[in-house]
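Notes follow the structure.
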Amino acid sequence: MQTSIKPVVLLVLIAAQVMAQGPSAFVVTPNGDRIQGSAISADADGNIKLKIGAATRTFKKDTYRDAYIPKPRAVEMLEQAFIEERYDVVKKQAADQFEAYKYLGWAGKIAYLEASAYLAEGKSKEALQIIANAERYARPDNEDLLKGKINALIAADQDQPARLLLVKLKAADSRETAAFAFNTSGTLLLKEGKKEDAVLEFLKTMLLFEPGKVPVQRQEAKRQVVA
């Protein structure tokens with residue numbers, strides 16, 4: 001019997017607000033300044049309210065670059081459902097979580113999980129639609145969003161645009177993201193029948209990243225090299 005995720009936030013109306021407590025909540029201004037606060041909320045139009053001490057500062061939708069809260073418990077639960085391959089749960093819950101947190105730094109992650117759930121069922125068209133919608137809210141360099149887009153493009157046999165995005169991700173600060181890029185490049189080369197070139201890409205993952213740092217990606221690279 002499937003267990004559904006109970007939403008932390010109930011979206012009763014489109015204008016519902018979500019609030020997160022903690023010193024890690026912040027807003028980034030257009031010039032790059034980070035303004036820290038103890039609590040932050042976003043309404044359905046993208047207007048942000050940041051509590052700073054006893055005061056509250058309001059940022060209209062187009063007057064800030066980013067807003068961020070620590071990973072919400074609801075997103076953690078969505079990730080766990082995906083790991084457990086409960087794709088029906090991910091698809092059912094992702095839309096509500098996206099609406100709740102799309103202006104607070106989690107549009108890319110949630111869209112990645114939802115798109116990946118559809119890809120697991122062979123539905124690349126739906127996955128690409130989810131990514132396209134999320135691109136309106138996440139930064140263009142959001143690594144989760146880019147990984148989701150690459151996977152969806154490859155599933156839809158749009159290899160060339162996927163290959164261009166992979167070049168960018170190989171230089172990512174995140175070890176996990178960079179390893180993903182090398183492995184996915186190898187997968188594309190295998191798809192083209194270029195086995196020797198593919199092996200070189202997988203070997204890069206094994207040689208460039210220490211054991212224990214990217215265990216899933218290194219295991220996949222090793223599996224592919226042995227194969």
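Contact detail for Phe82 and Ala117: the closest heavy-atom pair is CE1-N, 3.8 Å. Heavy-atom minimum distance, Ala111 versus Ile131: O-CD1, 4.2 Å. Scanning both residues, Ala138 and Gly108, for their nearest heavy atoms gives CB-N, 4.0 Å. In this structure, Gly37 and Leu50 approach most closely via the heavy-atom pair CA-CD1, 3.7 Å. Nearest heavy-atom pair across Gln36 and Ile52 is O-CG1, 3.8 Å. Between Asp144 and Asn142, the shortest heavy-atom distance links the atoms N-OD1, 3.2 Å.
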Check step by step if side-chain contact (heavy atoms from CB on, under 4.5 Å) holds for Tyr118 and Ile130. CA-CA 9 Å; Tyr118 277 101; Ile130 290 164; 3.3 Å; yes
Step by step, work out the side-chain contact (heavy atoms from CB on, under 4.5 Å) result for Glu201 and Lys170. CA-CA 11 Å; Glu201 291 297 304; Lys170 286 180 180 179; 3.0 Å; yes
Report the C-alpha distance between Leu188 and Leu166 in whole Å, list the side-chain angles of each, state the deciding distance to 0.1 Å, and finish with yes or no for side-chain contact (heavy atoms from CB on, under 4.5 Å). CA-CA 10 Å; Leu188 272 177; Leu166 284 170; 3.7 Å; yes
Under the criterion side-chain contact (heavy atoms from CB on, under 4.5 Å), I'd like the reasoning laid out for Lys149 against Glu135: C-alpha separation, chi angles, the key distance, then a yes or no. CA-CA 10 Å; Lys149 187 172 186 175; Glu135 287 177 327; 2.9 Å; yes
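In the hydrophobic clustering of ILVMFWY residues, with side-chain heavy atoms under 4.5 Å counting as a link, Tyr87 and Leu128 come out apart. Both Val27 and Tyr101 sit in one connected hydrophobic cluster of ILVMFWY residues. Membership requires side-chain heavy atoms under 4.5 Å apart, directly or through other members. Residues Val28 and Phe59 are members of one and the same hydrophobic cluster, defined by side-chain heavy-atom contacts under 4.5 angstrom among Ile, Leu, Val, Met, Phe, Trp and Tyr. With hydrophobic clusters built from ILVMFWY side chains whose heavy atoms lie under 4.5 angstrom apart, Ile48 shares a cluster with Ile69. Side-chain heavy atoms closer than 4.5 Å link hydrophobic residues (I, L, V, M, F, W, Y) into clusters, and following such links, even through other members, never connects Phe182 to Val199.
The backbone N or O of Lys60 lies less than 3.5 Å from a partner atom in the side chain of Thr63, making a donor-acceptor pair. With Arg218 contributing its side chain and Phe209 its backbone, the two residues share a donor-acceptor pair below 3.5 Å.
Atoms CD1 and CG, on Ile154 and Leu165 in that order, are 9.5 Å from each other to the nearest 0.5 Å. Summarising the geometry, atom CD1 belonging to Ile110 is positioned 9.5 Å from atom CD belonging to Glu99; distances are rounded to the nearest 0.5 Å. The distance from atom OG of Ser116 to atom CG of Asn151, rounded to the nearest 0.5 Å, is 6.0 Å. Note that CG of Leu189 is 11.0 Å distant from OG1 of Thr184, once rounded to the nearest 0.5 Å. Atoms CG and CG, on Asp43 and Asn47 in that order, are 4.5 Å from each other to the nearest 0.5 Å. Atoms CD1 and OG1, from Ile40 and Thr56 in turn, are 11.5 Å apart once rounded to the nearest 0.5 Å.
Surrounding CZ of Arg175 are at most 12 heavy atoms belonging to other residues, nucleotides or ligands under 6.0 Å away. Residue Glu84 places its CD atom among more than 12 non-hydrogen atoms of other residues, nucleotides or ligands, all under 6.0 Å distant. Shown here is Lys191, whose NZ atom has more than 12 heavy atoms of other residues, nucleotides or ligands within 6.0 Å. Open room surrounds CD on Glu196; 12 or fewer heavy atoms of other groups in view lie less than 6.0 Å from it.
Residues Phe180 and Leu169 are in side-chain contact: their nearest non-hydrogen atoms beyond the backbone lie under 4.5 Å apart. A 4.5 Å side-chain heavy-atom check between Arg34 and Thr29 finds every atom pair outside the cut-off. Residues Ser124 and Leu119 meet the side-chain proximity criterion, which asks for heavy atoms closer than 4.5 Å. In this structure, Lys204 and Ser185 have side chains that are not in contact, with every pair of non-hydrogen atoms separated by 4.5 Å or more. The shortest distance between side-chain heavy atoms of Tyr112 and Leu145 does not fall below 4.5 Å. The closest side-chain heavy-atom distance from Gln93 to Val89 is below 4.5 Å. Using a 4.5 Å heavy-atom threshold, the side chains of Tyr68 and Leu104 count as separate. Two residues are said to be in side-chain contact when any heavy atoms from C-beta on lie closer than 4.5 Å; Val216 and Gln219 fail this criterion.
For Trp106 and Phe98, the gap between ring centers reaches or exceeds 6.0 Å.
Look at Lys61 and Asp45 and you find no salt bridge, because none of the NZ, NE, NH1 or NH2 atoms lies under 4.0 Å from a carboxylate O. Using a 4.0 Å cut-off between charged nitrogen and carboxylate oxygen, Lys91 and Glu121 count as a salt-bridge pair. Salt-bridge formation is not detected for the pair Arg65/Asp33: no Lys NZ or Arg NE/NH1/NH2 atom is positioned less than 4.0 Å from an Asp or Glu carboxylate oxygen. For the pair Lys109 and Glu79, the salt-bridge criterion is met [side-chain N within less than 4.0 Å of a carboxylate O]. Taking the charged nitrogens against the carboxylate oxygens, Glu176 and Lys213 have no contact shorter than 4.0 Å, which rules out a salt bridge. For the pair Lys168 and Glu143, the salt-bridge criterion is not met [side-chain N within less than 4.0 Å of a carboxylate O].
Counted by atom type alone, Asn183 and Glu220 present zero donor-acceptor pairs between their side chains at under 3.5 Å. No side-chain donor from either of Gln80 and Glu76 sits under 3.5 Å from a side-chain acceptor of the other.
A cation-pi contact, defined as under 6.0 Å to the ring centre and within 45° of the axis, is absent between Lys222 and Phe202.
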